[in-house]
There are 2 protein chains.
Amino acid sequence: MPSPTVENYLKALFQLAVPERGVSTRELAGRLLVKDASVTHMLKRLSGTGMVSYEPYRGATLTPEGRQAATAVLRRHRILELFLHRMCRLSLDKVHAEAERLEHAASEDFVDALDRLMDFPTLDPHGDPIPDREGRLRGIDSRPLTDIPPGARVVLVRVEDARPEALTYLVSEGLVPGRKVTVARRLDFDGSVELQLGRRRLMLARELAEGIHVTPDEGSAE
Amino acid sequence: MPSPTVENYLKALFQLAVPERGVSTRELAGRLLVKDASVTHMLKRLSGTGMVSYEPYRGATLTPEGRQAATAVLRRHRILELFLHRMCRLSLDKVHAEAERLEHAASEDFVDALDRLMDFPTLDPHGDPIPDREGRLRGIDSRPLTDIPPGARVVLVRVEDARPEALTYLVSEGLVPGRKVTVARRLDFDGSVELQLGRRRLMLARELAEGIHVTPDEGSAE
DNA sequence: GCCGAACTTTAGATTCCCCTAAACTTCCTT
DNA sequence: AAGGAAGTTTAGGGGAATCTAAAGTTCGGC
Ligand SMILES: [Mn+2]
Ligand SMILES: [Mn+2]
Ligand SMILES: [Mn+2]
Ligand SMILES: [Mn+2]
């Protein structure tokens with residue numbers, strides 16, 4: 001059984017992966033909040049166990065086994081998050097930290113039981129897809145708020161959970177998956193976006209707007 | 001935040017405690033499946049942090065802070081066990097191992113949410129009392145099967161979860177909390193007990209019978 | 001009161017995971 | 001084609017938790 005630390009490395013490697021390129025030492029170190037030297041050390045170890053293919057100075061990639069282990073962690077994480085939010089009523093900005101710990105302790109059996117209890121959901125409470133048991137994950141077509149032309153009416157489908165304080169703020173403004181908003185303005189010089197929320201207007205810095213993914217609101221004519 | 005290992009030591013110290021006597025190094029080592037030398041090492045560390053009072057060669061006792069931390073772990077453990085059994089349908093002989101890991105990852109908030117979800121239960125699925133938030137735990141008056149005179153009709157209130165294989169066997173025989181049975185015979189020379197289970201009779205070795213706690217069946221006249 | 005068995009601690013090593021500081025590689029810019 | 005900045009690895013060390021082997025303590029039985 002891989003340690004929590006190893007599971008976190010694998011998950012990060014999976015989430016930072018871009019086709020055709022290895023994930024760099026620095027990138028991983030940044031994500032995991034450890035020093036570069038620690039990452040190098042761990043990559044060698046993971047490479048030794050066959051989870052990662054690693055070429056010094058060239059970055060690392062998951063092997064098929066590593067990928068499977070990584071998506072298993074991601075599946076546990078997201079099912080746990082949804083359970084914590086939907087059934088335990090923990091707020092959207094708290095579930096990530098809790099799931100971050102539970103994901104390493106929860107067995108497949110337990111997580112499958114939660115999955116059944118919630119009737120086999122496909123999205124976590126932040127709008128991220130839940131991998132199936134084989135590690136496949138369905139992409140959702142959505143675009144970041146920063147790509148939407150002014151005037152468009154959209155539905156939030158995903159609100160990234162990377163920076164907890166950012167998420168806390170967005171939750172406090174009601175900007176959670178499912179919420180409908182209108183894009184009022186886009187400031188091209190800094191990439192910030194102004195939203196119309198009912199009668200209020202809210203300015204979002206680019207950083208924030210980039211983490212909010214939306215689709216056109218084709219629903220209820222209102 | 002104490003590590004999982006430290007939490008396990010505190011919990012064991014709490015559960016092995018007998019009034020007026022320190023818990024011995026060997027006893028702890030046996031319970032935690034580590035060597036005596038490892039226990040000595042840890043006891044010094046715990047003594048340094050004020051969780052344990054430890055006198056070399058004389059055993060160890062929890063301080064008030066240590067006791068509080070220990071009962072908090074026990075509370076998490078038992079609420080998780082009940083949740084896994086009652087809501088996730090995991091079998092009685094599997095919940096302990098799962099809770100043993102989750103207890104170190106689950107926050108008080110999460111566990112309190114489960115507690116509410118299950119309407120503030122007082123007993124775990126093995127019949128052990130769930131400590132309240134202050135660490136108080138209600139004793140249940142029951143006696144081990146080995147103390148019951150032949151002919152008595154009794155209700156199982158507690159089935160110890162120490163040895164997993166034993167529990168698996170008892171579950172397979174339907175010997176779970178709530179089950180009513182009649183004591184058929186008691187073999188004084190080895191302490192084993194024969195039960196009448198409907199039309200079947202079942203012989204239980206002393207080892208097993210000692211871990212089954214019962215009260216007189218005052219319920220339904222049948 | 002002593003002696004040995006049972007128990008406990010000490011000493012020294014190992015694994016995992018992290019750190020800092022120094023050396024090394026890569027690759028962009030001039 | 002350097003030269004240097006950015007990125008990476010190596011070297012050396014530390015804390016947590018474990019182990020084995022050896023030394024020390026306690027205590028019941030004679
Ligand atoms: Mn994690
Ligand atoms: Mn999420
Ligand atoms: Mn445990
Ligand atoms: Mn239990």
Side-chain angles (χ1 to χ4, degrees), chain A residues 1-14 16-18 20-62 65-66 69-70 73 100-101 103-105, chain B residues 1-14 16-18 20-62 65-66 69-70 73 100-101 103-105:
Chain A
M1 196 92 332
S3 68
T5 301
V6 166
E7 290 190 334
N8 286 337
Y9 272 87
L10 296 176
K11 193 169 52 133
L13 237 8
F14 179 81
L16 295 174
V18 285
E20 306 298 311
R21 276 202 321 101
V23 178
S24 76
T25 302
R26 267 187 116 233
E27 227 174 338
L28 267 174
R31 162 69 72 112
L32 295 170
L33 304 178
V34 298
K35 300 304 171 192
D36 298 358
S38 306
V39 172
T40 300
H41 212 79
M42 181 59 87
L43 287 179
K44 281 194 201 158
R45 214 152 66 73
L46 293 176
S47 163
T49 68
M51 303 293 260
V52 162
S53 102
Y54 167 57
E55 199 183 340
Y57 293 102
R58 289 274 112 97
T61 327
L62 291 173
E65 307 85 73
V73 180
E100 200 59 50
R101 286 175 283 109
E103 68 188 0
H104 310 294
Chain B
M1 197 91 332
S3 69
T5 300
V6 166
E7 290 190 335
N8 286 337
Y9 272 86
L10 296 175
K11 193 169 53 133
L13 238 8
F14 180 80
L16 296 174
V18 284
E20 305 299 311
R21 276 202 319 104
V23 178
S24 77
T25 301
R26 265 185 117 235
E27 228 175 339
L28 267 174
R31 162 70 70 114
L32 296 170
L33 304 178
V34 297
K35 301 302 170 195
D36 298 358
S38 306
V39 172
T40 300
H41 211 80
M42 180 59 87
L43 287 179
K44 281 195 200 157
R45 216 153 65 70
L46 293 176
S47 163
T49 68
M51 303 295 260
V52 162
S53 104
Y54 167 57
E55 197 183 342
Y57 293 102
R58 290 273 111 96
T61 327
L62 291 172
E65 306 84 74
V73 180
E100 200 59 48
R101 287 175 282 107
E103 68 188 358
H104 311 292

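From a predicted model like this one, the values you see are computed outputs, not experimental measurements. By convention in this document, chain letters (A, B, ...) are assigned in the order of the sequence lines, proteins followed by strands, and residues within each chain are numbered from 1.
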Trainee: Rounding to a whole Å, what distance do you find between A/Leu43:CG and D/dT10:C1'?
Mentor: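 So the two atoms are 15 Å apart, to the nearest Å.
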Trainee: Which of these nucleotides, D/dG24, C/dC18, D/dT9, is closest to any side-chain atom of A/Asp36?
Mentor: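 Side chain of A/Asp36 sits closest to D/dT9.
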Trainee: When the distance from CE of B/Met42 to C1' of D/dG15 is rounded to whole Å, what number comes out?
Mentor: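 Interatomic distance, CE of B/Met42 to C1' of D/dG15: 12 Å.
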Trainee: With heavy-atom distances below 4.5 Å as the criterion, would you say the side chains of B/Val6 and B/Thr49 are in contact?
Mentor: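 No, every pair of side-chain atoms sits at 4.5 Å or beyond.
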Trainee: Of the listed nucleotides (C/dC7, D/dG7, D/dC19), which one gets closest to any side-chain atom of B/Ser38?
Mentor: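 Nucleotide nearest to B/Ser38's side chain: D/dC19.
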Trainee: Output the rounded distance in Å from CE (A/Met1) to C1' (C/dT15).
Mentor: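 Going from CE in A/Met1 over to C1' in C/dT15 covers 19 Å.
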Trainee: Which is true for A/Thr40 with a 4.0 Å heavy-atom rule: it touches a base, it touches only sugar-phosphate, or it touches nothing?
Mentor: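 Base contact.
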Trainee: Taking atom P of D/dT18 as reference, at what distance in whole Å does atom CG of B/Leu33 sit?
Mentor: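 Result: 11 Å.
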Trainee: Taking 4.0 Å as the cut-off, does a side-chain nitrogen or oxygen of B/Ser24 come that near to OP1 or OP2 on C/dC7?
Mentor: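 Checking C/dC7 against B/Ser24, no side-chain N or O comes under 4.0 Å of OP1 or OP2.
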Trainee: To the side chain of B/Ala37, which of C/dC18, D/dT10, C/dT10 is closest?
Mentor: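 Between C/dC18, D/dT10, C/dT10, the one nearest the side chain of B/Ala37 would be C/dT10.
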Trainee: Quickly work out the B/Lys35 NZ to D/dA16 C1' distance and round it to whole Å.
Mentor: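 In whole Å, D/dA16 C1' lies 19 Å from B/Lys35 NZ.
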Trainee: Under 4.0 Å, counting only non-hydrogen atoms across every strand here, what does B/Thr5 touch: a base, just sugar-phosphate, or nothing?
Mentor: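 Sugar-phosphate contact only.
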Trainee: First locate atom CG of B/Leu10, then atom CD of B/Glu65, and finally report the distance between them rounded to the nearest 0.5 Å.
Mentor: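 One gets 11.0 Å once the value is rounded to the nearest 0.5 Å.
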Trainee: For B/Ala37, does its backbone N or O pair with a side-chain atom of B/His41 as donor and acceptor, under 3.5 Å?
Mentor: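 Judged by distance alone, no pair lies under 3.5 Å.
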Trainee: Taking OP1 and OP2 of C/dC16, is either one under 4.0 Å from a side-chain nitrogen or oxygen of A/Tyr9?
Mentor: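 Answer is no, no contact under 4.0 Å.
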Trainee: Just how far, in rounded Å, is P of C/dT8 from CD of B/Glu27?
Mentor: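 B/Glu27 atom CD is separated from C/dT8 atom P by 9 Å.
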Trainee: Specify the separation, in whole Å, of atom NE2 of B/His41 and atom P of C/dT15.
Mentor: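 After rounding, the reported distance stands at 17 Å.
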Trainee: Please report, rounded to the nearest Å, how far the C1' atom of C/dT8 is from the OH atom of B/Tyr57.
Mentor: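 Rounding to the nearest Å, OH of B/Tyr57 and C1' of C/dT8 are 5 Å apart.
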Trainee: Find the distance between CG (B/Leu13) and CG (B/Leu43) and round it off to the nearest 0.5 Å.
Mentor: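 Atom-to-atom, B/Leu13:CG and B/Leu43:CG are 6.5 Å apart.
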Trainee: Heavy atoms, side chains only, cut-off 4.5 Å: are B/Asn8 and B/Glu100 in contact?
Mentor: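 Yes, at least one pair of side-chain atoms sits under 4.5 Å.
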Trainee: Give a yes/no on whether any side-chain N or O of B/Lys44 is located under 4.0 angstrom from OP1 or OP2 of C/dT10.
Mentor: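 For B/Lys44, the contact criterion (side-chain N or O under 4.0 Å from OP1 or OP2 of C/dT10) is met.
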Trainee: Let me spell it out: for each of A/Ser3 and B/Arg58, pick the nucleotide of DNA chain C with the closest heavy atom. Which residue's pick is nearer the 5' end?
Mentor: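 Its nucleotide being nearer the 5' end, the pick is B/Arg58.
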